[in-house]
Structures are given as structure tokens and as C-alpha cells.
Number of protein chains: 2
Amino acid sequence: MTATDDTGFDEAAHDDLTSRARIRNAALHQFAAKGFAGTPLRAIASEAGVAVGLIGHYFRSKEGAREGVEQWIVGLFAAALERADSQSDGRVADVAARDASVAAMLNDNPLVVDYLRRQVLELPTDGKLISRLASLSLESVEAMRNAGHASASRHPVEQVVTAMVRQLGRLFLQPLVDQIVDAFPEDEQPTKHPELRVEVKTAQ
Amino acid sequence: MTATDDTGFDEAAHDDLTSRARIRNAALHQFAAKGFAGTPLRAIASEAGVAVGLIGHYFRSKEGAREGVEQWIVGLFAAALERADSQSDGRVADVAARDASVAAMLNDNPLVVDYLRRQVLELPTDGKLISRLASLSLESVEAMRNAGHASASRHPVEQVVTAMVRQLGRLFLQPLVDQIVDAFPEDEQPTKHPELRVEVKTAQ
DNA sequence: TAAGCAGTTGAAAGATTGTTCAATGCATTG
DNA sequence: CAATGCATTGAACAATCTTTCAACTGCTTA
């Protein structure tokens, strides 16, 4: 009766979460793991421990389920930014504080990172989620500008690109490093996987 | 009768290429654009200008078509490396020459980059293609070691990781930069998209 | 010409998919 | 208790997918 779970995904919260939340979590997990086109609704229903029909009840369609997932992710980012502000002395947090807050959120939600990675590399899709996060980041930058926490001379779009790519780029590329290292026999691997640094060379 | 082609993919070579090659090219294009699960065999057949059945004839199955594509890609990399050697004065080319040769090949085959981007960042798939390319790169590094063209003190696996990630990482992340920039209205965008630099910080 | 063969076709079969919907359980309210 | 409403189910449906295969083409060979 319980959903088969060879995925290692957290199932302990099954009892406490509403069906709607479990469906959203399962969709996030499946989309991140197998991609949107690669996940049948039945797989989501199975992981969430519900019937297929319930997905159509809460979210209108499969596309609606994707929208629900992305809305939730946008909320996570917004909450992380607000948290940084509320814990700051002044009315607006500085760059480092916001970076740390978002980094902590991403660290707590590795599936969000996996989902974003896919979303970014799948260029065909309109990339609406990235647009939304970019808007969020722009507001953040402008708030810091007004508070005198960010350089007012640099182009605001450049600041957004720098902030997002520096943060996400390292996370997106890490699997590549791991895959390459894992391609070698264990006794040839270095003890510690190399770390990445992604820099944005602002346009000359 | 001719396949509809709103994709902008090169169709001029249709006449000169064998059906098998056209199927392989179409599969590469479709997989890179829509993903493996997102591409029906009919789309490949349509772009290649053949009947669906012919795909099953040349490649055993859809999975077989993927294998055919990846085998071809591995061949491209191997050829690029050999080309660097043959154009070198000594018996073995140095790092820069090999980098340039592979970079030129990737520049001539942007669809290969798109395909690799998907393949690499998809953790679920076994990542066999990356393993093969890593092996290829290792041979390359060892050849250069023997020729005295590469540092013999650094860990060989680290050298492979550095070479691959520096080269591919920038290409993989560029769409992220473009997506973010395009998320803003045109009059706010900088004239030139920012460029990326990806560095591998070798393990401490 | 007849026979054979590789290349190619497209219809058919069988499996899987997203969506819909009548029916059930289970509370809460009148 | 009766009735109303929401949560949930799972079968049914239509569409689409992959795979298979008998048949057709054009060409080479005996």
C-alpha cells in the first residue's frame, strides 16, 4: 500500500503533510530526477501515496503541477530574502547577508537545486522561473542600492547576473566534477573532490 | 513530402548523407532540444525525412539511437585530439594545442554542446558518456606527461577534471547568463552579455 | 528474365500517457 | 438523523508512444 521508495526521498513527513503538499514534493522530486517529460503522473501519485485523480483535483493538469512547484520555489527565495532583512540591524540587509540566507535555503533544499539545474539547461522551455527569480534578485539589488549597500556605479543587470551565476553556477557544475571523478577507479581518485569557482567577467 | 523544418537545423546536407547519418543527426538535434524522453521517434523520422520503421532498422530501439549518437560524439572528441597531434611538430601535442582543437570541434558542432549539457547535468542517467570522455581525456593527459608537456607532480585525475570542467563549464553556464539577461526589458540590458570564467580550485 | 538482397515504407499491435468522471468515504452542519 | 460538501479513489477513455513486420522498391547477379 505504501509507495515503493527506492529513491531515498524523505518519506517520514508523509503523515504530517497534506496530500497537496506531498504531491508538490513528489512532483519536485520527480521533475528534478527524471525531467518534466520523463515523469508520468502515476509516478508522482505513487511517491505521494495518492491516486492519480487527486493530482488533477489540486492542480488542473500536469502543467499545473509544474506551476505549483515553481510557485513554491519562488516563495522559498522570497522567504530567504525577507529572513535576511529581518535578522539585519538596519532595515535592509547587505549583500553578504542575503547571499548567506539564500545559500542556507538552497543547502536545506537540495532538490530545489536539482530542479533549477534542469530548468536552466532546458533552454526550449520559456524559462519563466528564471525570469521570476531574476526579478526577485533585481528588487533585492535595488533595495540595497537605496540603502547604500551596493555599488551604484555598476549596471544593475550586471549585478543580478553576477549574484545569481556565482551562486548557482558552482552548484550546477558540481555534478559534472563528481561525475568525472567517479569515472575513475576508487584508488585513483583524490581524497577530496576538487572545488569550483565561477566568476563573471563583466562585459568590457 | 519534405520534412517540415521550422527548427533552423541544417537541411542542405540531406542529399549527400545516408539515411543512417540523417537519422543520427536528427536524433542528436531532437535530444539536445527536447530531451530524450521529450522526443518521439516520429519527430526524429520526420526531421530525417524517413519512415519511423527505418530508425528501428538501423538502431535497434530508441535507446539504441541514443547509443548511436553518443558513439558518434565520442568519435568527434577522439578525432579532435588526433588532429591536434598530427598538426604538432613533436609526436604529441601540448595542452594548449589540444584545448584549441577540441574547442574548434565544439564550435563547429554547437548541437554537441547542447547535447552534452543535458547529458552531463542529468544525474539519473548512468553518465556513461562522461565516463568515456573522461577516459579519453586521461589518455590525453598521460600522453602529454610522457612527452613532458604536462606537470608530473599534480594528480592526473585532477588534471582531467580541470581540463574538462574549464572547457565545458563555461559553455554549459552561458545559457544561464543569457536567460537572466533576457529576463529584463531590452533597454535595460547591457550591450554585451557578460562572459564567464570557470576555475577549478584543486583540493587542498 | 528470374532470383535475391539491401533499403525503405507505413499500417498494426500493444503499452503508456494525461485527463475525465461517477462513485465512495467522511466529516460537519442543519 | 438527514443533508451538504469536501477529500479521495480508481476505472475508463482518447491520444500518443515504441516496436514489430509484411510488403514494396530498385538494383545486382545468376
Side-chain angles (χ1 to χ4, degrees), chain A residues 1-4 6-7 11 13-70 72 118 122 124-126, chain B residues 1-4 7 11 13-70 72 118 122 124-125:
Chain A
M1 176 174 293
T2 57
T4 60
D6 30 345
T7 60
E11 201 179 8
H14 180 102
D15 300 329
D16 293 346
L17 297 179
T18 65
S19 294
R20 193 177 201 281
R22 292 205 313 279
I23 291 173
R24 190 208 337 99
N25 285 348
L28 169 66
H29 181 222
Q30 293 285 334
F31 290 163
K34 311 271 185 185
F36 182 76
T39 22
L41 285 183
R42 286 167 173 80
I44 299 176
S46 168
E47 180 175 324
V50 301
V52 259
L54 201 57
I55 302 178
H57 177 253
Y58 282 119
F59 312 90
R60 199 177 52 82
S61 60
K62 189 183 180 183
E63 192 64 41
R66 188 213 309 246
E67 177 58 25
V69 167
E70 303 203 347
W72 183 75
R118 256 186 203 279
E122 290 185 4
T125 57
D126 48 325
Chain B
M1 181 177 292
T2 58
T4 61
T7 60
E11 199 179 11
H14 180 102
D15 299 329
D16 294 345
L17 297 179
T18 65
S19 294
R20 194 177 201 280
R22 290 204 314 278
I23 291 173
R24 189 208 335 99
N25 285 348
L28 168 66
H29 181 223
Q30 293 286 334
F31 290 163
K34 311 271 184 187
F36 181 76
T39 24
L41 286 184
R42 286 174 170 83
I44 299 177
S46 168
E47 179 174 325
V50 300
V52 259
L54 201 58
I55 301 177
H57 177 252
Y58 282 118
F59 310 91
R60 197 177 52 83
S61 60
K62 190 182 179 183
E63 192 65 39
R66 189 215 304 247
E67 176 57 26
V69 168
E70 303 202 348
W72 182 75
R118 272 185 188 276
E122 286 187 8
T125 56

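Residue numbers begin at 1 in each chain, while the letters A, B, ... track the order of the sequences.
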Test item: B/Glu63 and B/Phe36 side chains (from C-beta on) under 4.5 Å apart, heavy atoms: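 Counting from C-beta outward, B/Glu63 and B/Phe36 do come under 4.5 Å.
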Check every atom of [options] against the side chain of [X] and return the nucleotide holding the closest atom.
X       : options                : value
B/Val52 : C/dG10, D/dA11, C/dG7  : C/dG10
A/Ala51 : C/dT19, D/dG10, D/dT19 : D/dG10
B/Pro40 : C/dT8, D/dG10, D/dC17  : D/dC17

Which heavy atom of [X] sits nearest to which heavy atom of [Y], and what is that distance?
X       : Y       : answer
A/Thr39 : A/Lys62 : O-NZ, 2.8 Å
A/Leu54 : A/Ser19 : CD2-CB, 3.8 Å
B/Val69 : B/Ala27 : CG2-CB, 3.8 Å

For [X], which contact category applies under a 4.0 Å heavy-atom criterion: base, sugar-phosphate, or nothing?
X       : value
B/Gly53 : base
B/Thr18 : nothing
B/Phe59 : nothing

When the distance from [atom1] of [X] to [atom2] of [N] is rounded to whole Å, what number comes out?
X       : N      : atom1 : atom2 : value
B/Leu41 : D/dT19 : CG    : P     : 6 Å
A/Lys62 : D/dT16 : NZ    : C1'   : 13 Å
A/Ile55 : D/dA11 : CD1   : C1'   : 16 Å
B/Lys34 : D/dT16 : NZ    : C1'   : 16 Å
B/Phe36 : D/dT18 : CZ    : P     : 8 Å
A/His57 : D/dG5  : NE2   : C1'   : 11 Å
B/Leu54 : D/dC24 : CG    : C1'   : 14 Å
A/Arg42 : D/dT8  : CZ    : P     : 19 Å

Short side-chain N/O contact to D/dT8 OP1/OP2 from A/Ser19, under 4.0 Å: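 A/Ser19 to D/dT8 OP1/OP2: side-chain N or O found under 4.0 Å.
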Whether A/Arg118 side chain and A/Ala33 backbone form a donor-acceptor pair below 3.5 Å: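 Checked: pair present.
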